[in-house]
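Notes for the one structure printed next.
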Amino acid sequence: MKYHQINSALFVKNRKKFTAEMKPNSVAVFNSNDIYPVSADSTLPFAQHRDIFYLSGVDQEESILLLFPDAPYENQKEILFLKETNDHIAVWEGEKLTKERAFQVSGIRTVYWLQDFHKVLNEMMTYADTMYINTNEHYRASVETETREARFVKWWKERYPAHNVAKSNPILQRIRSVKESEEIDLIQQACDITEKGFRRLLSFVKPNVTEYEIEAELAHEFIRNRSKGFAYTPIIASGNNANVLHYIENNQQCKAGDLILLDVAAEYANYSSDMSRTIPVSGRFSDRQKAVYNAVLRVKNEATKMLTPGTLWKQYHIEVGKIMTSELLGLGLIDKADVQNENPEWPAYKKYFMHGTSHHMGLDTHDYGLLHEPMKANMVFTVEPGIYIPAEGFGIRLEDNVVVQEKGEPFNLMRNIPIEADEIESLMNE
């Protein structure tokens with residue numbers, strides 16, 4: 001891994017939070033992701049399942065974590081199963097976790113090789129009444145590929161039909177949404193790497209540069225700062241491309257006078273950052289572009305103040321809609337009749353701002369969090385309003401990552417990334 005080793009104390013705390021919510025006499029199992037094939041002998045780069053990483057720090061394929069807090073023997077309460085390493089594997093694939101190294105990473109003392117898993121699990125099942133299975137219940141999830149976790153669940157249900165079944169996901173949705181201080185520090189590192197990439201761009205962007213050249217500059221800066229690269233597929237959308245919300249082709253030339261909407265960010269140690277900025281290709285905003293830009297910035301700043309403990313996500317978006325409506329009226333994009341006659345299910349402002357303002361973030365860019373429950377301190381959210389005007393050939397989105405505080409305004413993890421229009425112009429023209 002490119003990142004510095006994370007202190008295992010974080011993963012010890014995370015396991016304690018999870019096991020505290022388990023039913024008596026129950027077992028929970030978590031599997032690594034597969035390495036997914038492309039064709040022939042090609043594969044996609046390995047990306048670890050965030051749940052096993054959150055609970056163990058293990059960042060390696062073919063790994064399994066078993067938790068059994070009520071096990072009859074101390075060495076059965078937490079068990080890791082790893083692919084056995086040897087000199088041959090080290091030559092062809094590089095270093096894999098040894099049992100001692102796995103303890104240093106995870107804080108788990110009991111480590112078996114993977115071939116012992118079924119034998120050990122069978123013994124645990126003779127003691128346990130309930131199995132926690134780990135299904136993906138994220139509100140944005142749409143999974144067609146059968147995962148390693150799904151194959152395990154199918155096998156386990158056939159092998160142990162007499163046991164009770166419980167779900168890990170509701171526990172994880174709650175505990176993963178509230179970050180430990182170590183996690184906030186890791187997200188801050190991802191944001192700091194993103195800042196370096198963005199500042200690099202401000203002196204690089206000129207008329208006729210291509211979107212993919214901008215992508216390459218960001219990738220260079222991210223990787224040289226110990227990131228694996230982008231936290232998600234980058235959006236580098238010049239001109240009217242910005243009005244396609246998930247534009248990812250990044251293959252057009254940036255023309256003088258246009259704006260570039262950047263939704264790009266680095267990961268660090270599997271933790272995401274998520275940034276949007278909009279910059280002028282020629283280094284100066286037109287008066288109209290700046291007016292819209294500043295309207296979006298005002299919405300972002302006001303929306304940020306509302307991310308406080310006790311706030312309900314749904315009500316928050318209603319209030320942000322009211323602020324955006326006021327700004328769109330001021331810009332002449334809608335009028336009072338549009339507001340008076342609006343459909344409550346699709347208010348007038350949605351013509352120009354059609355997506356949500358905030359989502360949880362952390363190990364996943366769209367991280368775990370139960371949206372019907374009130375916000376809590378140490379949750380991390382994006383704040384990302386936008387105004388999209390196809391008829392005028394540009395769209396603007398601005399996005400920061402903030403931590404909900406027990407008292408006072410949220411803490412902006414992207415506070416050092418330039419966002420004021422005048423500062424961006426100044427940096428682009430140095």
Side-chain angles (χ1 to χ4, degrees), residues 187-188 190-207 209 214 217-218 221 234-239 242 254 256-266 273-307 320 323-324 326-328 330-331 333 352-353 355 357-358 361 380-389 392-403 405 408-430:
I187 299 170
Q188 181 68 75
C191 291
D192 292 346
I193 296 170
T194 299
E195 178 193 352
K196 291 178 180 180
F198 180 64
R199 288 185 180 275
R200 181 186 181 100
L201 289 187
L202 294 179
S203 60
F204 174 79
V205 169
K206 298 289 188 295
V209 71
I214 295 171
E217 292 295 307
L218 289 165
E221 197 66 28
I235 296 169
I236 302 167
S238 62
C254 303
D258 277 352
L259 300 182
I260 309 171
L261 191 159
L262 303 156
D263 194 333
V264 293
S273 59
D274 190 356
M275 180 196 77
S276 294
R277 292 292 187 269
T278 306
I279 63 176
V281 174
S282 301
R284 300 284 180 193
F285 294 96
S286 71
D287 289 345
R288 175 61 169 174
Q289 289 168 346
K290 186 174 285 190
V292 177
Y293 186 100
N294 287 331
V296 174
L297 183 58
R298 285 191 294 270
V299 175
K300 186 195 75 72
N301 290 341
E302 290 303 310
T304 301
K305 296 174 185 177
M306 291 189 275
L307 293 172
V320 173
I323 299 168
M324 180 59 80
S326 176
E327 292 291 349
L328 293 175
L331 292 168
L333 290 169
Y352 297 98
F353 173 39
H355 58 79
T357 310
S358 295
M361 60 166 297
V380 181
F381 285 94
T382 62
V383 190
E384 50 180 309
I387 295 176
Y388 309 92
I389 319 175
E392 298 183 37
F394 68 91
I396 293 171
R397 180 163 67 250
L398 301 173
E399 175 182 20
D400 284 336
N401 305 156
V402 302
V403 185
Q405 302 289 285
E409 292 187 10
F411 181 73
N412 188 354
L413 297 171
M414 292 184 163
R415 61 201 175 280
N416 295 322
I417 303 179
I419 196 168
E420 295 288 342
D422 291 345
E423 182 181 8
I424 287 173
E425 288 182 331
S426 175
L427 290 168
M428 292 186 76
N429 287 281
E430 283 183 349

query: Applying ring-ring contact (aromatic ring centres under 6.0 Å, His included), which residue pairs with at least one partner in residues 408-430 are found, sequence neighbours left out?
result: none
message: Quick check: closest heavy atoms across Ser282 and Pro207, and the distance to 0.1 Å?
response: OG-CG, 3.9 Å
task: Please identify each residue that fulfils side-chain hydrogen bond (donor to acceptor under 3.5 Å, both in side chains) with Thr278, with sequence neighbours left out.
output: none
- prompt: What do the steps show when you test Val292 against Phe394 for side chain to side chain contact (heavy atoms under 4.5 Å, CB included), and what is the final call?
  reply: CA-CA 10 Å; Val292 177; Phe394 68 91; 3.9 Å; yes
Ile236 CD1 to Asp263 CG distance, which is reported to the nearest 0.5 Å: 10.0 Å
- prompt: Are side-chain N/O atoms of Asn401 and Ser273 paired as donor and acceptor at under 3.5 Å?
  reply: no
query: What residues form a side chain to side chain contact (heavy atoms under 4.5 Å, CB included) with Thr357, not counting sequence neighbours?
result: Ala303, Tyr316, His317, Val320, Phe353, Val383, Pro385
message: According to side-chain hydrogen bond (donor to acceptor under 3.5 Å, both in side chains), who are the partners of Glu384, at least two apart in sequence or on a separate chain?
response: His359, Thr382
task: Return the set of residues passing salt bridge (charged side-chain N to carboxylate O under 4.0 Å, His left out) with Asp274 (not counting sequence neighbours), or none when no residue passes.
output: none
- line: Nearest heavy-atom approach of Ile417 to Arg277 is O-NH2, 3.3 Å
message: To the closest 0.5 Å, what do you measure between CD1 (Ile396) and CD1 (Ile389)?
response: 7.0 Å
message: Restricting to salt bridge (charged side-chain N to carboxylate O under 4.0 Å, His left out), what partner residues turn up for Glu327, sequence neighbours left out?
response: Arg298
message: Quick one, Val205 and Ile214 - any side-chain contact, counting heavy atoms below 4.5 Å?
response: yes
field: With Asn301 via side chain to side chain contact (heavy atoms under 4.5 Å, CB included) - residues at least two apart
entry: Leu297
- line: On a heavy-atom basis, the closest approach of Ile193 and Ala266 is CG2-CB, 3.7 Å
message: Using the side-chain hydrogen bond (donor to acceptor under 3.5 Å, both in side chains) criterion, which residues pair with Asn412? Sequence neighbours excluded.
response: Asp400
Spatial distance of atom CD1 (Ile260) from atom OG (Ser238) [nearest 0.5 Å]: 6.0 Å
- line: Smallest heavy-atom separation, Pro280 atom then Leu259 atom, equals CA-CD2, 3.7 Å
- request: Output, in order, the C-alpha distance, side-chain angles, deciding distance and verdict of side chain to side chain contact (heavy atoms under 4.5 Å, CB included) for Val281 and Cys254.
  value: CA-CA 7 Å; Val281 174; Cys254 303; 3.8 Å; yes
query: Among all residues two or more places apart in sequence or in another chain, which pass the salt bridge (charged side-chain N to carboxylate O under 4.0 Å, His left out) test with Glu392?
result: Arg288
- prompt: To the nearest 0.5 Å, what is the distance between SG (Cys191) and NZ (Lys196)?
  reply: 13.0 Å
- request: Any chance you could lay out the side chain to side chain contact (heavy atoms under 4.5 Å, CB included) test for Val380 and Val402, step after step, and finish with the verdict?
  value: CA-CA 6 Å; Val380 181; Val402 302; over 6 Å; no
statement: Ile323 and Met306 have their tightest heavy-atom pair at CD1-CE, 3.7 Å
query: Nearest 0.5 Å, what's the CD1-CZ distance between Ile419 and Phe198?
result: 8.5 Å
query: Can you tell me if Gln289 uses its side chain to pair, donor with acceptor, with the backbone of Gly257 under 3.5 Å?
result: yes
task: Please examine the side chains of Met414 and Glu399, heavy atoms only from C-beta on, and report whether any two atoms are closer than 4.5 Å.
output: no
field: Separation of Leu261 CG from Arg397 CZ (nearest 0.5 Å)
entry: 4.5 Å
Distance-only check: which donor-acceptor pairs under 3.5 Å involve side-chain atoms of residues 421-428, not counting sequence neighbours?
residue: Asp422; atom: OD1; partner: Lys290; partner atom: NZ; Å: 3.1
residue: Glu425; atom: OE1; partner: Lys290; partner atom: NZ; Å: 3.1
residue: Glu425; atom: OE2; partner: Phe285; partner atom: N; Å: 2.8

Over 12 non-hydrogen atoms of neighbours within 6.0 angstrom of CD in Gln405: yes
message: If I compare all heavy atoms of Phe381 with all of Leu307, which pair ends up nearest, and what's the gap?
response: CB-CD1, 4.0 Å
pair Pro410-Val403: side-chain heavy atoms closer than 4.5 Å: no
- prompt: Sequence neighbours excluded, which residues qualify as side chain to side chain contact (heavy atoms under 4.5 Å, CB included) partners of Ala291?
  reply: Leu331
query: Do Pro418 and Arg199 have side-chain heavy atoms sitting under 4.5 Å apart?
result: yes
task: Please list, chain by chain and in numerical order, all residues satisfying salt bridge (charged side-chain N to carboxylate O under 4.0 Å, His left out) with Glu221, sequence neighbours excluded.
output: Arg200, Arg224
